[in-house]
Amino acid sequence: MTFPRPNPAPVAGAGTTSGTFRRRGEAWYGSNDVASFIHRAFTKAMGYDDDDLDRPIIGICNTYSELNHCNHRLKDVAEAVKRGVLQAGGLPLEFPTISIGEVFVSPSSMLFRNLAAMDTEEMIRAQPLDGVVLLAACDKTTPAQLMGAGSADVPALMVTSGPMLNGRYEGQDLGACTDCRRYWTEYRAGAVTADTMRELENNLARSEGHCMVMGTASTMAACAEALGMMLPGGAAIPAPDSRRLRFSEASGRQIVKLAREGIRPSQVMTREAFENAIRVLHAVGGSTNAVVHLVAIAGRLGVELPLDLFDELSRTTPWLANLRPSGKFQMEALFEVGGVPLVMKELEPLLHGDCLTVTGQTVRQNLAAAPTVEGRGTFAERIREVVASRAQPLDAEGGLAILRGNLCPDGAVIKHVAASPNLLKHRGKALVFGSLAELASKIDDPDLDVTADTVLVLQNQGPVGAPGMPEVGNLPIPRKLLQQGIRDMVRISDARMSGTSFGTIVLHVAPESAIGGPLAAVRTGDEIELDVPNRRLQLLISDDELARRLAEHTLPAPAYRRGYGRLFLDHVLQAPQGCDFDFLLGDPEDARRAAAMSKDLRT
Ligand code: FES
């Protein structure tokens, strides 16, 4: 028996660099068998016809959710992307994946990043898609989608929701969530009233969009652009700005082109592209979380990013973007002066210009059209306020540093541009908290034995210990010190912190304390030495004593015995490996093959 069928002729060149590969959708729609018959019939049930089924099928992978304000704008963004896909001759089909709202998801958003990445990967692979537009915004959704798309390796590009408009209060800009923390600290110190806090609550978040400082969401959007997975200029456009919709429409047109040309994530996200992203991360003073996420995305593609690479590139990348929480301005200002392309143009001599991007062109070709300061008249001064030149940077080095020492043999991270300069070399006695509950019960005790020189230590907040490595590394300053005017102290943990936070905060200590890392051996009263210029973090006890204490360490009872939590505990890797699951890492051989194909495309 033969069934009526659409024209199965493949789209020329789809899905490969050689131009001979049939589009993926043909496997669902293009055969004369009962499966294709059913696929066509059931797609037609939604009102599509044979003409639609002949087009490249573009999935709109949407993390829109009414439980995630950061991603709320993606409903409109998806419609604009669809217009672009249709304009270019594709068929847009939207589908949902897990959405993780940073401040709403409990117990920790990071617990679910890998779940979201698995959802993205499997839904791309499982469905008849020739290309995918990844719609992300809040902190974990961007890396999760890039991880999943990297593994699925179907032509893809990313569009984010964009940052919120600046909050406004009594003539000053407010930034989420840098000012949430700053004002809450002042409130705890008794310097701000409850009425003022209510006013701030009403004025902080003026629009949809992700946090508008250079927190994790802005950082990951900038990294996606620097990686070549987003069209140039997309990261900084404010969420409610009409230009975000026009950008989305252009992205819809472009994904059809990518699907036809078969340009895949593995050909874009190469080792060199990750080095470009790390340079941009340092130049914008980006979030510490990006270290974990970039390692995880790269791992999906078989690309290893050792922590020392982040430090090496930090030492040779100037800090340029004067953005909070490290600097003065917010994402609206960065967009106004030229966005990430302006930063990349400044960095161009340090970047790998040959990297292929989702424009179908190289970084160098893209940057030929990037904004510069030259010829901008009086506006040049404003540009230089927000993005410094490479010749006169805000700092000669990038924003993040990797520490080593007997307290963190596998590394730790500090955002030193957001730290107090006088604490970057510091020696003090440890005050140890073994859990969040202990911290909460003691931190505001008027009898707490603590001074401004004390080093606050929080244990058991790593990937396994918390579990899920929550953003609790920015331990609150004890109230008695707040009342003395102290606003920063050295704080050390195996947790992460929000990219919007600031202070002298050592994070991602590895191995983590719960599995017997040296952080577990710290006792209240021990001396700790932090030396950021020399990248050292030392617990000042003898090796014998350290070994003796660690020998006494016992593993905590697992927090989960079933379900996803159990899967997480059984397979999560440590922070220097990106906290991905061990069974999701990519094959370095595949990465080498993809990199070679990417080079062929450029020649
Ligand atoms: Fe989503 Fe800040 S809460 S980016």
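Start at 1 and go down the list; that is how both ligands and their atoms are numbered. The first residue in the sequence is number 1, and the count goes up from there. Computation of the quantities below employed the complete heavy-atom set of this structure, encompassing side-chain atoms and omitting hydrogens, waters and symmetry-equivalent molecules. The model shown is predicted, which means the values in this text are computed figures rather than measured ones.
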Problem set entry | Test side chain to side chain donor-acceptor pair (under 3.5 Å) applied to E385 - qualifying residues, sequence neighbours left out | none

Problem set entry | Within-2.8 Å protein N/O/S contacts of atom 1 (Fe) of ligand 1 | C70 SG, C138 SG

Which donor-acceptor pairs under 3.5 Å do side chains of residues 502-509 form with protein atoms, sequence neighbours excluded?
unit_1	atom_1	unit_2	atom_2	d
T504	OG1	S420	N	3.0
T504	OG1	D488	OD2	2.7

Exercise. Charged N to carboxylate O below 4.0 Å: is that the case for R384 and E346?
Worked result: yes

Exercise. Do NZ/NE/NH1/NH2 and the carboxylate oxygens of E249 and R253 come within less than 4.0 Å?
Worked result: yes

Problem set entry | Partners meeting ring pair (Phe, Tyr, Trp, His ring centres under 6.0 Å) with F329 (sequence neighbours left out) | none

Exercise. Distance only, no hydrogens: is a donor on one side chain within 3.5 Å (strictly under) of an acceptor on the other, for E471 and N289?
Worked result: yes

